[in-house]
Every structure is written in C-alpha cells, then in structure tokens.
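The structure appears right after this line, and notes come after that.
Within every chain, numbering begins at 1; the chains are lettered A, B, ... in the order of the sequence lines, protein sequences first and strands thereafter.
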There are 2 protein chains.
Amino acid sequence: MTGEQGVRAAARVAQIEAIKTTARELLKEKGAAGLSLREVAREMGLVSSALYRYFATRDELLTALIFDAYNDLGSAVERVATSDEGASTTLRWRNSCQSVRTWALAHPNEFALLYGTPIPGYNAPTGTIAAATRVAAVFGSILNDDRAQKAEMAEGRGVDVRPFLSVPNLAIVMPAVDPAEYLRGIMAWTHIFGHLLFELFGHLVGSVTDPDLAYSAVVDELAEWLQLSE
Amino acid sequence: MTGEQGVRAAARVAQIEAIKTTARELLKEKGAAGLSLREVAREMGLVSSALYRYFATRDELLTALIFDAYNDLGSAVERVATSDEGASTTLRWRNSCQSVRTWALAHPNEFALLYGTPIPGYNAPTGTIAAATRVAAVFGSILNDDRAQKAEMAEGRGVDVRPFLSVPNLAIVMPAVDPAEYLRGIMAWTHIFGHLLFELFGHLVGSVTDPDLAYSAVVDELAEWLQLSE
DNA sequence: ACAGAAACGAGAGCACTGCTCTTGCAATTA
DNA sequence: TAATTGCAAGAGCAGTGCTCTCGTTTCTGT
C-alpha cells in the first residue's frame, strides 16, 4: 500500500512546486506574456517536453499560478482583516485596502495576471473562482460587521438592486447589510481594484504625483462614503 | 516637385491603412495576444517580410492600433458630450458614461488593449498620450461646466490635494472646479473604467446579474456623489 | 521475488512566431 | 536616359508550444 505515498509521489509534488516556483520567477521578470515553458525547463536543467508530464499545457501552468496568486493575495488580506478584529471598521477597511495595494506593488505581474487582460480562451476552473472570491469576501465582511454593530439598519437610500444584483449571493457574505446597500459595497470593491489597475498600468501618471498618498486619500474617501464607523 | 505627392506615396498610406484594417479585424477576433504579423500578411495576400516596410516591428503596429483606438473612443465620447451641450450636467454625464461602455462592448479587445495589461516593455509615444487624454478631458469638462454654472464654488470638503495630485495639469481641464474636488473627479473617472474592466474581464459575474442596469445604477450613484445638477 | 505496468526525462521533430537579409523589379528623380 | 529609391518575394535564423518515440527507473500485483 501507500503509507508514505511512495518516493515517486513525493518527488512529483516537489517537482510541481519547483516548476511553479521558477515559473513565478520568470513571471515576475517578464510578465505573463513573456513566460515561456522552454525557458522554465531550461532554468531547471530540464528539457521542455519533460514539463508536459506535470502540466498538459502552458495555460494549465498559468492557471495554477493564477490559483496560487489568488490564494496568496486572499490570505494576505484576510490576515490583516482579522488581526485587528476589535478595531473600528474604518481602520479595518483602511488596513485591508492597504494590504491589497502592498501585495499588488510587490507582485505587479501576478496582479496583472489576476485582474488584467485575461488570456484569450481562458475559462476559470471552479477552484479558481472560489479562491478569487476570498478578497471580495473580506471587503464584504467589513461592511457587514459595520452594519451589524449599528442598532438600526442604515437604510440604503432606496435603490432596489434586485433587478441587477445577485442578492442571494451577496446576502451570504453580507447578511447584516440592507440589500439596498449592496450596490455601494460592490462599487467600493470595484473602485479599489480599478484604481490599482490604473495606477499599475500607468494611467494615473499625468494626474497623480504621489500614488501612496493618493491611494490613502481614495481609501478614506470611500470609507466616508460607506459611512463606516470611526 | 510633388503636387499629388506621387502615385507611390498615395499607395503607401493606402497600404498602411489596409494593414491596420486587417490587423484590427484579427485583433477583434483573437485579441492582442493572438495578433500575428504573418497572419495579417497572409490575409492580405502578402509575404510577412513585406509588412516590415510599413511597420518596423509588431509593437509598432500595435502602437498604431492603440493610437487609433484612443482617438476613436475619444471622438465617440466627445461627440455625445458636446451634442447635448445645453442639457444638464447629470444628463451629459450619463450619456458620456454610456457612450464609453457602448464603445467598450463593441470593441472589447481594443478596450483591453487600451486599458488592460500593457504589453511588456511598451512605452507610450507622446502622440499616444495626447490621444489617451481626450476621454478624461471630457469627464473633467463636464464636472467643470457643472461647477461653472453654480454661483458659489461647492467647497470640496477641505481635502488638500496638492501633496499628491498634479494640480496644474488638472486646472487646465477643470479651471472652474475647486482643487479640493479634483480627487472626486479622478475617482469618478477611475471608477467608470475600473467597473468596465471588471465587467469585461468577468469579475462581476458572481455578483451582477444584469450588467446594463448595474452600470446605469453605478453611473447614477456617481452623479449623485459628484452632486451634478439635475 | 519477480514480471508487468506506469511514470519519467531525453531527444527529435512539426508548425508556428517575429525578424533579417538578399535579390530582382517597378516607380521616381535628376 | 541613367541612377536612385521603394517595394514584394523568398530563404533563413532563433525562438515558441506541443507531440511522439525511446530507453530507464520506480511502483504494483501476484
């Protein structure tokens, strides 16, 4: 039987990990477009065909990197969001937003891989979808905690979002939030990522002189707009 | 001398236009990553090396497409923004935002080329920068017109943006706007594009059921947030 | 313990890519 | 008319993703 799962099985997962690691290095240097299977193999002292024992195609390797990146970013944000569990929701919002940007600046090519132009003909496998949700869930839970702490529901300005938002899905993450506020929650989320995409892709160059301060100001503005508790 | 600029010169610009046109078709089908010089040549009944008489490199062809796309989008938005010159700023905002989305949905791959992951090692030539500014200028001018119509300046909530925004640049587009409001202007702009990127790249799938209605709701919410005149 | 099966890496090869260089022909210029 | 320039074709180079075959090593069932 397979008590230790065999030498070979262990070597296999190690090899997969090694491939992903060197692929990540190449990705960090040259971006997703410049990532070449042959170069990964060369870097590892292997011949290119050997990699196909572990990843059936280049896209499959990229998918694995996407999956890991989503989880890496997700756990980073979850960590800061839960570390100051007792703090005000404004502070938790600020810290979470900063951690997303910190990660994005530290891994720009991976961030672009996650949120930039999708590779053509790529369909996210279901596992990836779950991983991708983690960050959004953190943002949702912050808003949820804020509203849960408040006696009366903050009455979301009367927008009926049922015609265009997936209320059941959103209710799972934000049960204490008035559905009328779901729109603002989504907007805050898309704003953060849109801003980071614009910053990383160079579209803010002409108008923003200090990206750090600008981002903090944006985050604060959004916190106020969401009426989070100080 | 060159009264008609010669038959050859005319043929040259026609050929350049033909190359860009067939490249745009390929781009529409396969995206920027899948655009191949050889396929463009094949499609035109040419041999690949012939294209290098007109574009020194693949990136140069892509740059030309980027330039044209910026101008195409820019003039589309300018058209609707100036067509209802007398209307309320809220209406002009709505129409302008809708025209951006309409263009993006009609040219998703070109939109991704403009605002998605940049091609690695790509540096926008100065001509492109000017073209890229056109859309942002429209948004700025709407906010500017709104504030210009109002007697008292709307007093931008006291945020000093001078440490992180390029006030001189922004003052050119929005001379009637209190600098303290520049931040909100930029945020509205990044929000629109961030939302469209998320929509096009599939990140809204789980939470948005009707993208058209959702976008309209977002646009309305932003108009209210900007306190545009009805 | 041993035979059969499965996994592995190497190597050759295919079709494709961007790009370069040379060669003959056509259009332009002096 | 003679020389120059612009053009398309073709061959070729280095690189890519991917497939297939072939010995070798490891695992598996009996």
Legend entry - Nearest-0.5 Å distance, CD of residue A:Glu39 to CD of residue A:Glu29: 8.0 Å
Inset, instruction - Could you tell me whether the side chain of B:Leu213 reaches within less than 4.5 Å of the side chain of A:Leu165, counting heavy atoms only? - result: no
Legend entry - Whole-Å distance separating the CD1 atom of A:Ile16 from the P atom of C:dG9: 11 Å
Inset, instruction - Find out whether B:Ser207 and A:Tyr182 are in side-chain contact, i.e. whether some heavy atom of one side chain is under 4.5 Å from a heavy atom of the other. - result: no
Legend entry - Spatial distance of atom CZ (A:Arg101) from atom CG (A:Asp212) [nearest 0.5 Å]: 4.5 Å
Inset, instruction - Could you run through nucleotides 8-17 of chain D and give me one letter per nucleotide, 5' to 3': B if any protein heavy atom sits under 4.0 Å from the base, S if only the sugar-phosphate is that close, - if neither? - result: BBB-B---BB
Distance-only check: which donor-acceptor pairs under 3.5 Å involve side-chain atoms of residues 62-77 of chain A, not counting sequence neighbours?
{"residue": "A:Thr63", "atom": "OG1", "partner": "A:Asp59", "partner atom": "O", "Å": "2.7"}
{"residue": "A:Asp68", "atom": "OD2", "partner": "A:Lys20", "partner atom": "NZ", "Å": "2.9"}
{"residue": "A:Asp68", "atom": "OD2", "partner": "A:Arg24", "partner atom": "NH1", "Å": "3.4"}
{"residue": "A:Tyr70", "atom": "OH", "partner": "A:Leu114", "partner atom": "O", "Å": "3.4"}
{"residue": "A:Asn71", "atom": "OD1", "partner": "A:Arg134", "partner atom": "NH1", "Å": "2.8"}
{"residue": "A:Asn71", "atom": "ND2", "partner": "A:Phe67", "partner atom": "O", "Å": "3.4"}
{"residue": "A:Asp72", "atom": "OD2", "partner": "A:Trp103", "partner atom": "NE1", "Å": "3.0"}
{"residue": "A:Ser75", "atom": "OG", "partner": "A:Asn71", "partner atom": "O", "Å": "2.9"}
{"residue": "A:Ser75", "atom": "OG", "partner": "A:Asp72", "partner atom": "O", "Å": "3.2"}

Legend entry - Phosphate OP1/OP2 of C:dA7 contacted by A:Arg12 side-chain N/O (<4.0 Å): no
Inset, instruction - Determine the interplanar angle of the A:Phe139 and A:Phe193 rings, folded into 0 to 90°, and report it as parallel if under 30°, tilted if 30 to 60°, perpendicular if over 60°. - result: perpendicular
Inset, instruction - Pull out every residue in residues 19-26 of chain B that has a heavy atom closer than 4.0 Å to any atom of DNA chain D, ordered by number, or say none. - result: none
Inset, instruction - Starting at atom CG of B:Leu62, determine the distance to atom P of C:dT17, rounded to an integer number of angstrom. - result: 15 Å
Inset, instruction - Classify the ring geometry between A:Tyr115 and A:Phe111 as parallel (under 30°), tilted (30 to 60°) or perpendicular (over 60°). - result: tilted
Legend entry - A:Trp189 and B:Phe198 aromatic ring geometry - parallel, tilted or perpendicular at 30°/60° bounds: perpendicular
